[in-house]
Amino acid sequence: MLRTHFIQDVTPDLDGKEVVLAGWVHNVRDLGGKKFILLRDKSGIGQVVVDKSSPSFEVARELSQESAIQVKGTVKADRRAPNGVEVSCNELRILSKAKAPLPLDVSDKVKADIEVRLKERLLDLRRQEMQAMIRIQSTAVRTFRDTLYKHGFYEIFTPKIIATGTEGGAQLFPVIYFGKEAFLAQSPQLYKELLAGAVERVFEVAPAWRAEESDTPYHLAEFISMDVEMAFADYNDVMNIVEDVIANVLDNVAKNHQNDLAILNHRLPSITRPIKRVTYREAIQILQSQGLPTKFGDDIGTPESRVLNKVLEQDLYFITDWPAEARPFYTKRKEGNPEISESFDLVYRWLELVSGSSRNHTREVLEKELRARGLNPINFEFFLKWFDYGIPPHAGFGMGLQRFMLMLTGLQSVKEVSLFPRDKKRLVP
RNA sequence: GCCGCAGUAGUCUAGCCCGGUCUAGGAUGGGGGCCUGUCGAGCCCCUGACCCGGGUUCAAAUCCCGGCUGCGGCGCCA
């Protein structure tokens with residue numbers, strides 16, 4: 001290893017000890033007879049002092065911002081130093097020199113536009129804000145997994161190259177598969193349902209692709225979908241799972257990332273359990289009472305959601321029991337009320353975070369619902385045939401990771417929380 | 001895809017309304033110099049830019065038209 005310590009582990013009580021550090025040159029303050037190097041590694045930023053008397057003084061003249069270096073030195077507890085500690089450099093190696101000037105200011109003195117940031121993404125990802133975002137995302141995904149494991153779910157992997165689209169609606173990306181037409185999966189929907197028919201409780205964290213016209217801060221052509229499917233359960237059961245996931249993630253991020261939240265200048269939303277649930281009908285009534293000309297059957301769009309957010313005074317709320325027509329064919333209608341489906345969205349302010357439902361589990365109903373949407377059941381035979389062999393009632397949901405991250409970081413665009421975003425006009429880097 | 005706004009050094013920004021004073025200002029970065037306790041180190045010198053094409057005009061960064069690119073809102077969706 002090229003280091004003995006991370007920067008955050010160099011504390012005043014190590015005074016006099018020899019350490020080897022490695023990281024990037026965040027900045028150099030050159031005082032002539034003495035240079036202060038701000039060295040950054042994954043754990044933070046610390047100070048290295050190179051004195052004129054040190055043999056490495058000549059090497060230090062060559063330093064440029066963002067060069068990767070290795071420092072051997074002696075820890076000095078010194079109240080003049082940031083955090084009361086610094087490393088006096090005995091040996092300095094430039095591991096990889098960075099070209100100057102940088103196309104992007106990593107130290108954040110000059111803010112860059114999102115376009116430049118994405119173009120120069122790797123340097124952008126070295127910024128403290130993006131590092132905080134990545135750390136929070138890692139905790140969020142781990143907590144999602146932990147919560148589901150706790151509820152007895154298995155992590156699964158479904159095919160991403162598929163023969164037919166799952167739902168209609170969203171556009172698919174075609175690929176050539178050994179000379180045949182195939183598509184990138186827009187959702188693991190049908191496969192996760194089938195697997196719930198084998199092992200009951202499954203989840204997947206994986207990319208999904210949508211070739212849509214959408215060009216907004218909330219859409220990506222490639223995004224990470226966190227999918228859950230549960231047999232012998234209905235939409236109320238999975239809403240409880242959603243609640244547990246959200247609550248655990250908020251807890252864990254609050255517990256472990258106060259420093260990162262401070263870097264991002266963000267306060268997590270507080271939630272009440274249970275999370276507020278309004279039916280679609282109630283939502284429409286609220287909108288009407290606010291003077292919006294919305295009627296049953298209309299979609300609840302962004303402007304409408306903004307109103308709901310205000311009236312409900314909740315940052316997180318479920319809208320349940322959507323009109324059946326507005327939902328995909330696998331969504332179960334409500335018994336005795338076939339206009340309505342057993343479905344829900346979880347909305348953060350005005351942004352749809354999660355979408356889920358009870359599913360149809362008989363072949364007859366599925367075929368009827370396909371036909372009602374102008375789809376041909378023959379194209380779904382690979383899926384439908386298994387419903388002849390005891391697929392139990394089941395329910396599930398899908399959650400957009402990047403949208404969830406907006407809630408956890410306060411950042412404004414899913415492109416910012418995607419490491420290398422793919423959108424309508426971005427294929428590189 | 002529609003509507004609105006915007007494109008000035010590597011990066012960020014002033015100037016644009018009211019054309020000439022712009023030989024385009026500042027910050028940050030980069031090069032050089034001074035400086036042994038900096039904390040966004042400081043000081044001095046230098047470096048580098050008007051998105052592309054057309055038009056109006058004696059004169060265009062500035063006004064007009066077209067294109068390209070980006071940002072915001074909306075639609076579609078997670």
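First the proteins, then the strands, lettered A, B, ... as listed; each starts at 1.
Nucleotide B:U28 forms a Watson-Crick or G-U wobble pair with B:G10, both donor-acceptor distances falling under 3.5 Å. Across all strands shown, nothing is found opposite B:C50 as a Watson-Crick or G-U wobble partner with both distances under 3.5 Å. B:G1 and B:C74 make up a base pair, with Watson-Crick or G-U wobble contacts both under 3.5 Å. Pair assignment for B:C17 gives none, since no Watson-Crick or G-U wobble pairing has each distance under 3.5 Å.
The side chain of A:H219 lies closest to B:C76 when the candidates are B:G37, B:G72, B:C76. When distances are taken from the side chain of A:A81 to each of B:G37, B:G72, B:U11, the shortest belongs to B:G37. For A:I114, taking side-chain heavy atoms from C-beta onward, the closest of the listed nucleotides B:G29, B:C71, B:U36 is B:C71. Side-chain atoms of A:R306 lie closest to B:C74 of the nucleotides B:G29, B:C74, B:G37. Comparing B:C35, B:U36, B:C12 by their closest approach to the side chain of A:K52 singles out B:U36. Distance from the side chain of A:D113 is smallest to B:C12 among B:U28, B:C12, B:A78. Each of B:A78, B:U11, B:C74 was ranked by its minimum atom distance to the side chain of A:A112; first place goes to B:U11. Which of B:G73, B:G75, B:U38 sits closest to the side chain of A:E86 comes down to B:U38. With B:G30, B:U28, B:C35 as the choices, the nucleotide that has an atom nearest any side-chain atom of A:D30 turns out to be B:C35. The side chain of A:D299 lies closest to B:C76 when the candidates are B:U38, B:C76, B:A78.
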inquiry  = Please determine whether salt bridge (Lys or Arg N to Asp or Glu O under 4.0 Å) holds for the pair A:D78 and A:K76, giving the CA-CA distance in whole Å, both sets of side-chain angles, and the decisive distance to 0.1 Å.
reply    = CA-CA 6 Å; A:D78 190 326; A:K76 296 261 161 69; over 6 Å; no

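Side-chain rings of A:F344 and A:F318 approach one another, their centers coming within less than 6.0 Å. Ring to ring, A:Y280 and A:F296 are close: their centroids are under 6.0 angstrom apart.
Computed from coordinates, the A:E304 CD to B:C77 P distance equals 13 Å when rounded to whole Å. Rounded to whole Å, atom C1' of B:G33 lies 15 Å from atom CG of A:L31. Distance CG (A:D78) to P (B:G37): 12 Å, rounded to an integer number of Å. Between the NZ atom of A:K424 and the P atom of B:C71 there is a distance of 13 Å, given to the nearest Å. One can place CD of A:E66 at 20 Å from P of B:G10, the figure rounded to the nearest angstrom.
Figure legend: A:K42 and A:F6 shown as a cation-pi pair, the cationic atom lying under 6.0 angstrom from the six-membered ring centre and within 45 degrees of its axis.
Remark: the separation of the C1' atoms in B:G19 and B:A60 is 6 Å, to the nearest Å. B:G54 and B:U13 have their P atoms separated by 28 Å, given to the nearest Å. Rounded to the nearest Å, the gap between the P atom of B:C58 and that of B:C2 is 38 Å. Between B:G37 and B:G26, the two C1' atoms lie 30 Å apart (nearest whole Å).
Scanning atom types as modelled, one donor and one acceptor separated by under 3.5 angstrom connect the side chain of A:K34 and the base of B:U36. Below the 3.5 angstrom threshold, one finds no donor paired with an acceptor across the side chain of A:R210 and the base of B:C76. In this model, no side-chain donor or acceptor of A:Q412 finds a partner on the base of B:G72 within 3.5 Å. In terms of polar N and O atoms assigned as donor or acceptor, the side chain of A:Q47 comes within less than 3.5 Å of the base of B:U38 in a complementary pairing. For A:D51 against B:U36, a side-chain-to-base donor-acceptor contact under 3.5 Å is present.
Using a 4.0 Å cut-off, some side-chain N or O of A:K109 falls inside it from OP1 or OP2 of B:G29. In this structure, A:T302 reaches the B:G75 phosphate: one of its side-chain N or O atoms is under 4.0 Å from OP1 or OP2. Under 4.0 angstrom from either OP1 or OP2 of B:U11 there lies no side-chain N or O belonging to A:K119. Distances shorter than 4.0 Å separate none of the side-chain N or O atoms of A:R117 from OP1 or OP2 on B:C12.
Ionic pairing of A:E352 and A:R403 is not present here: no N-O contact between side-chain nitrogen and carboxylate oxygen is shorter than 4.0 angstrom. A:R327 and A:D345 are joined by a salt bridge, as a carboxylate oxygen and a charged side-chain nitrogen come within less than 4.0 angstrom of each other.
Take the nearest nucleotide of RNA chain B for A:R426 and for A:N27: the residue whose nucleotide is more 5' is A:N27.
Side chain to side chain, A:H219 and A:D423 fail the donor-acceptor criterion of an N or O pair below 3.5 Å.
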